[in-house]
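Report on the structure given below.
Computed from a predicted model, the values in this text were never measured in an experiment. Naming: A, B, ... by sequence-line order, numbering from 1 per chain.
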Protein chains: 2
Amino acid sequence: MKRKDKNTEQVILQTARKIFIQKGLAGARMQDIADQAGFNKALVHYYFTSKDKLFDLVFEHEMSNLFSNLVAIMSADLPLFEKIENIVSLDIDRLTQFPGLPIFVLNEMSRNPDVILKRVKKIPVQKVMNGFQKQINSEIKKGTIKKITADQLFINIQSLCIFPFIARPMIKGLLQLDDKAYLAMIEKRKTEVFQSLVYQCH
Amino acid sequence: MKRKDKNTEQVILQTARKIFIQKGLAGARMQDIADQAGFNKALVHYYFTSKDKLFDLVFEHEMSNLFSNLVAIMSADLPLFEKIENIVSLDIDRLTQFPGLPIFVLNEMSRNPDVILKRVKKIPVQKVMNGFQKQINSEIKKGTIKKITADQLFINIQSLCIFPFIARPMIKGLLQLDDKAYLAMIEKRKTEVFQSLVYQCH
DNA sequence: TTAAATTTTAACCATTTGGTTAAAAATAAT
DNA sequence: ATTATTTTTAACCAAATGGTTAAAATTTAA
């Protein structure tokens with residue numbers, strides 16, 4: 001008879017997610033998580049055993065959130081530019097919905113690169129990158145795009161999509177943008193980034 | 001008679017810098033800073049009063065480190081593409097030398113955006129961006145480049161230069177690169193990024 | 001309805017943390 | 001050489017932290 005209350009568990013998880021994203025692993029407090037979830041701290045331990053275990057669950061989920069759709073789109077049987085357009089669009093939409101996600105994932109990754117590296121390696125990107133490279137090589141041969149590696153193109157796409165979310169305070173400060181102006185700039189990037197990528201390939 | 005030992009102060013500062021970059025504000029420990037500097041923890045307080053004060057000094061210096069040269073280059077009387085080439089080259093060289101810098105600065109910025117925003121606003125970028133926009137407009141009028149705003153071009157440049165450093169563990173994991181391959185990829189980006197930027201402008 | 005199992009709680013614990021105090025040690029001034 | 005000042009140290013402190021324990025409360029099974 002196993003009766004863990006799924007609702008309690010979920011409330012704690014969602015609260016933990018919010019606080020870990022705001023404060024990171026080192027800055028988050030189990031007491032705060034418990035308080036904001038509306039339960040007693042011992043209960044958090046009853047359900048999740050330890051802070052590290054709770055964090056692992058949250059992190060796994062957020063990393064998956066960051067990369068979800070990427071593999072699917074890159075595997076899809078689409079023309080190259082349509083594929084790029086979809087990646088850009090979905091990346092920016094995803095991150096507009098979860099703006100704190102990349103800095104959270106990448107910061108925790110930089111804290112503990114080896115442990116997390118093992119998890120990242122499980123994401124089946126290598127096979128997908130091989131297919132992507134073949135597609136790119138085919139387009140190069142056709143003369144439709146300049147010579148570029150799948151790796152560099154992938155990095156360019158992710159750089160142009162993700163960085164403005166990571167660097168939100170810096171960009172707002174340096175370019176003197178208020179929230180509204182910043183969000184307008186992000187929205188504009190859906191087409192700007194895709195256009196940039198098209199131009200640099202042609 | 002003021003006799004703070006400059007060497008002691010510097011040793012503590014450099015040690016603090018290293019540990020704050022590794023662990024962040026929340027994760028760094030004053031005892032660790034003292035131990036690694038080779039002094040007693042009370043001494044760290046004697047010189048720097050508190051953890052927050054010490055962190056502020058370190059952060060101010062690192063933020064300046066990240067943005068130094070940027071304003072100078074953007075103000076320089078150089079042709080547009082030469083200017084872009086210099087920004088890219090110096091950015092990548094700087095970050096190759098201090099690879100943990102951007103994730104440190106941007107992560108702490110995301111923790112405390114309002115406080116840090118005031119500091120960022122003091123960097124005289126707005127005037128420089130105006131000049132940059134004028135230069136871009138002039139090139140657009142001449143027909144040498146496509147229509148783009150200084151803001152978006154600036155964001156593209158910084159995205160393409162900085163993101164691969166922030167996302168080091170992710171890139172290594174996803175693309176199955178060892179350290180050597182990663183560094184080779186970074187070195188290659190000096191020309192790749194510049195070329196990409198040129199293509200997207202033309 | 002009672003007993004068993006599970007969830008939730010309040011209280012507690014050992015350790016860690018940033019910071020303080022006062023004295024010892026070192027340096028500078030007279 | 002002595003005194004004054006500054007630096008450095010060891011010891012200490014209160015609060016915070018992640019985690020544990022045992023009992024109360026609730027739910028489920030018989």
Side-chain angles (χ1 to χ4, degrees), chain A residues 1-62 104 107-109 111-112 115-116, chain B residues 1-62 104 107-109 111-112 115-116:
Chain A
M1 205 276 308
K2 182 115 179 176
R3 205 201 71 205
K4 298 262 187 176
D5 192 322
K6 282 300 174 184
N7 188 55
T8 303
E9 194 171 311
Q10 282 305 307
V11 170
I12 296 171
L13 256 181
Q14 292 309 312
T15 307
R17 181 182 161 267
K18 185 180 133 214
I19 295 178
F20 279 135
I21 289 182
Q22 275 179 348
K23 303 289 180 70
L25 172 58
R29 296 291 172 258
M30 294 296 266
Q31 189 63 64
D32 289 342
I33 290 168
D35 288 343
Q36 291 187 37
F39 297 109
N40 177 281
K41 180 159 60 95
L43 185 72
V44 181
H45 286 92
Y46 174 75
Y47 276 87
F48 297 101
T49 310
S50 71
K51 184 182 183 181
D52 279 347
K53 289 267 176 38
L54 179 57
F55 178 80
D56 282 349
L57 277 178
V58 168
F59 187 78
E60 191 88 50
H61 180 262
E62 295 308 308
F104 169 67
N107 181 58
E108 298 301 333
M109 274 182 172
R111 292 273 178 274
N112 221 341
V115 172
I116 292 171
Chain B
M1 206 279 305
K2 184 116 179 175
R3 205 200 73 207
K4 298 262 187 175
D5 191 325
K6 282 300 174 183
N7 188 56
T8 304
E9 195 172 311
Q10 282 306 308
V11 170
I12 296 171
L13 254 181
Q14 292 310 311
T15 307
R17 178 180 166 268
K18 183 179 135 215
I19 295 178
F20 279 134
I21 289 182
Q22 275 180 349
K23 304 289 179 69
L25 172 59
R29 296 290 172 258
M30 293 296 266
Q31 187 65 61
D32 290 341
I33 290 167
D35 289 342
Q36 291 188 38
F39 297 109
N40 179 279
K41 180 159 59 95
L43 186 72
V44 180
H45 285 92
Y46 173 76
Y47 275 86
F48 298 101
T49 311
S50 71
K51 184 182 183 182
D52 278 347
K53 289 265 175 42
L54 179 58
F55 178 81
D56 281 350
L57 277 178
V58 169
F59 186 79
E60 190 88 49
H61 180 261
E62 295 308 308
F104 169 67
N107 181 57
E108 298 300 335
M109 274 182 171
R111 292 273 179 273
N112 222 337
V115 171
I116 291 172

side-chain N/O A:Tyr47 vs C:dT8 OP1/OP2, d < 4.0 Å: yes
Sequence-distant partners of A:Thr49, side chain to side chain contact (heavy atoms under 4.5 Å, CB included), two or more places apart: A:Lys53
Nearest-angstrom distance from the residue atom CG of B:Asp35 to P of C:dT16: 13 Å
Which residues share a side chain to side chain contact (heavy atoms under 4.5 Å, CB included) with A:Asn40, sequence neighbours left out: A:Ala42
Pair listing, salt bridge (charged side-chain N to carboxylate O under 4.0 Å, His left out) test, anchored in residues 14-34 of chain B, at least two apart: B:Arg17-B:Glu62
Interatomic distance where CD1 belongs to B:Ile33 and C1' belongs to C:dT17 [whole Å]: 12 Å
side-chain N/O A:Thr8 vs C:dT7 OP1/OP2, d < 4.0 Å: no
Between C:dT8 (C1') and A:Ile12 (CD1): distance, integer Å: 10 Å
Expected output: side-chain A:Lys51 to main-chain A:Leu25 donor-acceptor under 3.5 Å: yes
Rounded distance in Å - CG (B:Leu43) to P (D:dA11): 17 Å
B:Phe48 CZ to D:dT8 P, straight-line distance once rounded to whole Å: 11 Å
Contact state string [nucleotides 16-21 of chain D, B base, S sugar-phosphate only, - no protein heavy atom under 4.0 Å]: -SBBBB
Partners passing side chain to side chain donor-acceptor pair (under 3.5 Å) against B:Gln31 (at least two apart in sequence or in another chain): B:Asp35
Distance in angstrom units between A:Tyr46 OH and D:dT26 P, rounded: 15 Å
Partner set under side chain to side chain contact (heavy atoms under 4.5 Å, CB included) for A:Asp56, not counting sequence neighbours: A:Arg119
